[in-house]
Amino acid sequence: MTDQHHPDQPAPAEQPAPALFTWEFAADPYPAYAWLREHAPVHRTRLPSGVEAWLVTRYADARQALADQRLSKNPAHHDEPAHAKGKTGIPGERKAELMTHLLNIDPPDHTRLRRLVSKAFTPRRVAEFAPRVQELTDQLIGRFEKTGSADLIHEFAFPLPIYAICDLLGVPREDQDDFRDWAGMMIRHGGGPRGGVARSVKKMRGYLAELIHKKREALSATPEPGEDLISGLIRASDHGEHLTENEAAAMAFILLFAGFETTVNLIGNGTYALLTHPGQRARLQDSLARGERDLLETGVEELLRYDGPVELATWRFATEPLTIGGQDIAPGDPVLVVLAAADRDPERFADPDVLDLGRRDNQHLGYGHGIHYCLGAPLARLEGQAALATLFTRLPDLRLAADPADLRWRGGLIMRGLRTLPVEFTPPA
């Protein structure tokens with residue numbers, strides 16, 4: 001995937017673009033993204049679903065596109081026929097009436113919903129949740145630490161955020177294993193039975209609607225300390241406006257869907273990066289042993305930049321003719337901002353392919369940018385920091401139990417994450 005021409009001359013027009021969306025690409029997409037950044041920074045491609053879209057790969061263009069109001073989040077602006085629109089979102093969300101969430105709408109509806117949700121999903125509520133996240137982290141490690149081996153995706157990275165978001169939303173403990181099953185089906189991305197994702201979405205939608213109804217009936221006149229997020233969503237009002245039950249269900253669903261799979265991948269990709277960069281891992285362990293937090297905090301941001309959980313930002317559709325990076329985009333065209341490519345742009349980051357946990361100037365796009373900046377970023381940071389700090393402190397000789405070349409990455413378009421992460425370690429005495 002390296003170019004053969006002289007660096008001072010433009011690339012020859014006939015030079016073929018690297019193959020995208022193959023299994024080899026999924027394992028390491030970064031050389032292909034480097035080629036695109038240099039030769040075709042805004043590149044039209046046919047996706048595995050058959051939909052054609054523009055890929056935006058340079059940092060400056062990506063940042064501009066993420067904040068451009070002419071790029072709509074609403075799939076109604078897609079120029080493909082109606083039957084193709086199901087290929088551009090979460091399977092089953094349209095049929096389950098879950099379209100009115102923050103990833104699919106524009107101002108002014110987005111502004112109103114985001115303001116209402118922000119009243120319930122506050123940084124303070126997340127901060128108060130820190131002891132519970134630590135408790136869950138310790139419990140999960142406690143389940144496998146005596147065995148000397150584990151699959152860190154299935155036994156740790158996956159259950160931690162699902163149980164955490166269930167607790168935060170207020171899903172009763174006895175129902176959380178159902179949620180875990182539905183969530184597992186949702187992230188298989190074609191690895192499970194046909195239609196399984198849509199069925200899981202439908203079940204989750206029905207369950208959330210019922211739970212919201214029950215919580216609305218039982219809501220006290222004033223908020224109680226430690227009140228769950230669904231009760232907060234029901235209570236949130238703006239100039240007398242409340243979320244409808246449909247909106248509350250769609251919001252709870254997207255907080256769960258967007259909030260858990262990204263964190264599974266943050267923990268999985270982050271652990272894998274540390275296991276394959278022993279110098280950086282030793283830096284982190286030394287810093288944690290001294291009781292410091294600074295390197296952990298900058299380190300999680302660097303892991304988000306270096307090999308983040310979201311490879312491509314969610315779908316956008318041009319509402320009028322526009323130009324990105326010198327490329328004309330027609331109305332109705334889908335645009336996918338490649339966060340993974342932008343976050344390794346040498347024009348923005350010094351030595352972008354080097355993992356440096358102490359990196360200071362790190363305005364990565366891992367959580368997006370602009371009005372759709374990830375609402376759950378504080379929760380993901382909290383979970384990522386707790387997971388990595390506890391894992392590398394309690395299991396200090398943690399090591400990969402497989403050849404990196406044998407590890408398989410999920411085949412989904414938007415997310416980037418490992419299917420499994422087998423590890424070995426010395427059980428504590």
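The shown structure was predicted, so the numbers you read here are calculated from the model rather than taken from an experiment.
The shortest non-hydrogen separation linking Ala342 to Phe349 is O-CE1, 3.8 Å. Closest approach of Ala380 to Leu266, counting heavy atoms only: O-CD2, 3.6 Å. Summarising the geometry of Phe317 relative to Asn74, their closest heavy-atom pair is CD1-O, 3.5 Å, with the distance given to 0.1 Å. Shortest non-hydrogen contact noted between Phe129 and Ala164 is CZ-O, 3.1 Å. Considering all non-hydrogen atoms of both residues, Leu160 and Ala387 come closest at CD2-CB, 3.9 Å. Closest approach of Ser118 to Leu375, counting heavy atoms only: OG-CD1, 3.7 Å.
Contact check on Arg58 versus Glu347 returns no salt bridge, with no Lys/Arg side-chain nitrogen under 4.0 Å from an Asp/Glu carboxylate oxygen. With salt bridges taken as basic N to acidic carboxylate O contacts below 4.0 Å, one links Asp333 and Arg44. Between Asp61 and Arg37 there is no salt bridge, since no side-chain nitrogen of the basic residue lies less than 4.0 Å from a carboxylate oxygen of the acidic one. In this structure, Glu297 does not pair ionically with Arg381, as no charged nitrogen and carboxylate oxygen lie closer than 4.0 Å. Using a 4.0 Å cut-off between a side-chain N of Lys or Arg and a carboxylate O of Asp or Glu, Arg125 and Glu128 do not qualify as a salt bridge. A salt bridge does not link Lys203 to Asp178: none of the charged nitrogens lies less than 4.0 Å from a carboxylate oxygen.
Sparse packing is recorded around CZ of Arg124, with 12 or fewer heavy atoms of other residues, nucleotides or ligands lying under 6.0 Å away.
Applying the side chain to side chain contact (heavy atoms under 4.5 Å, CB included) test between Arg416 and each of Asn269, Val310, Leu312 identifies Asn269 as the sole match.
From Asp175, atom CG reaches atom OH of Tyr207 across 3.5 Å, with rounding to the nearest 0.5 Å. Residue Arg305 holds its CZ atom at 9.5 Å from NE2 of His364, rounded to the nearest 0.5 Å. Note: Tyr367 OH to Leu304 CG = 4.5 Å, rounded to the nearest 0.5 Å. A distance of 9.0 Å separates CD1 of Ile141 from CZ of Phe425, quoted to the nearest 0.5 Å. Put simply, CD1 on Ile324 and CD1 on Ile329 are 4.5 Å apart, with the number rounded to the nearest 0.5 Å. Expressed to the nearest 0.5 Å, how far CD1 of Ile153 lies from CZ of Arg410 amounts to 7.0 Å.
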**Study point:** Steps toward side chain to side chain contact (heavy atoms under 4.5 Å, CB included) verdict (Leu336, Leu47)
**Key:** CA-CA 11 Å; Leu336 289 165; Leu47 303 171; 3.8 Å; yes
Point to revise | Derivation of the side-chain hydrogen bond (donor to acceptor under 3.5 Å, both in side chains) call for Asp397 and Thr426 | key: CA-CA 7 Å; Asp397 68 343; Thr426 305; 2.4 Å; yes
Review point. Could you go step by step and tell me if Phe21 and Leu413 meet the side chain to side chain contact (heavy atoms under 4.5 Å, CB included) rule?
Key: CA-CA 8 Å; Phe21 313 117; Leu413 183 68; 3.6 Å; yes
Check your understanding: Between Asp68 and Val335, is a side chain to side chain contact (heavy atoms under 4.5 Å, CB included) present by the stated rule, with each step listed?
Key -> CA-CA 11 Å; Asp68 195 322; Val335 174; over 6 Å; no
Exercise for review: Check the pair Thr271 / Val423 against side chain to side chain contact (heavy atoms under 4.5 Å, CB included), numbers first and verdict last.
Suggested key: CA-CA 10 Å; Thr271 303; Val423 292; 5.5 Å; no
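A heavy-atom distance below 4.5 Å is not found between the side chains of Thr262 and Pro161. A heavy-atom distance below 4.5 Å is found between the side chains of Leu395 and Phe144. Here the side chains of Leu66 and Leu339 are in contact, with some heavy-atom distance below 4.5 Å. Residues Thr137 and Phe156 have side chains in contact (heavy-atom distance under 4.5 Å, counting atoms from C-beta outward). Using a 4.5 Å heavy-atom threshold, the side chains of Leu152 and Ile267 count as separate. In this structure the side chain of Gln363 never reaches within 4.5 angstrom of the side chain of His369, judged on heavy atoms. Contact of the Arg199 side chain with the Met185 side chain is not registered, since no non-hydrogen atoms from C-beta on lie closer than 4.5 Å. Under the 4.5 Å side-chain criterion, counting only non-hydrogen atoms from C-beta, Val201 is in contact with Phe253.
Under the 6.0 Å cut-off for aromatic ring centres, Tyr33 and Phe25 qualify, their centroids lying closer than that.
A donor-acceptor pair is defined here as one N or O able to donate and one able to accept, closer than 3.5 Å; no such pair exists between the side chain of Thr420 and the backbone of Pro422. A distance-only check finds a donor-acceptor pair linking the side chain of Thr57 to the backbone of Pro41 [under 3.5 Å]. Using modelled atom types, no side-chain atom of Asn362 and backbone atom of Thr298 make a donor-acceptor pair closer than 3.5 Å. Side-chain atoms of Glu155 come within 3.5 Å of backbone N or O of Asp151 as a donor-acceptor pair. A donor-acceptor distance shorter than 3.5 angstrom exists from the side chain of Lys215 to the backbone of Gly170, with no hydrogens or angles considered. In terms of modelled atom types and a separation under 3.5 Å, the side chain of Arg359 and the main chain of Ala350 share a donor-acceptor contact. For Asp343 (side chain) and Leu365 (main-chain N/O), a donor-acceptor pair under 3.5 Å exists by modelled atom type. A donor-acceptor pair is defined here as one N or O able to donate and one able to accept, closer than 3.5 Å; such a pair exists between the side chain of Arg316 and the backbone of Thr314. A donor-acceptor contact shorter than 3.5 Å is absent between the side chain of Glu311 and the backbone of Ala340. At distances below 3.5 Å, at least one donor-acceptor pair connects side-chain atoms of Gln280 with backbone N or O atoms of Leu357.
If you check the side chains of Asp353 and Tyr30, you find no donor sitting under 3.5 Å from an acceptor. In this structure, a donor-acceptor pair under 3.5 Å is present between the side chains of Asp177 and Tyr163. Side-chain contact annotation: Gln285 with Arg281, donor-acceptor N/O pair under 3.5 Å present. For the residue pair Arg293 / Gln385, a side-chain donor-acceptor distance below 3.5 Å is found, with atom types taken as modelled.
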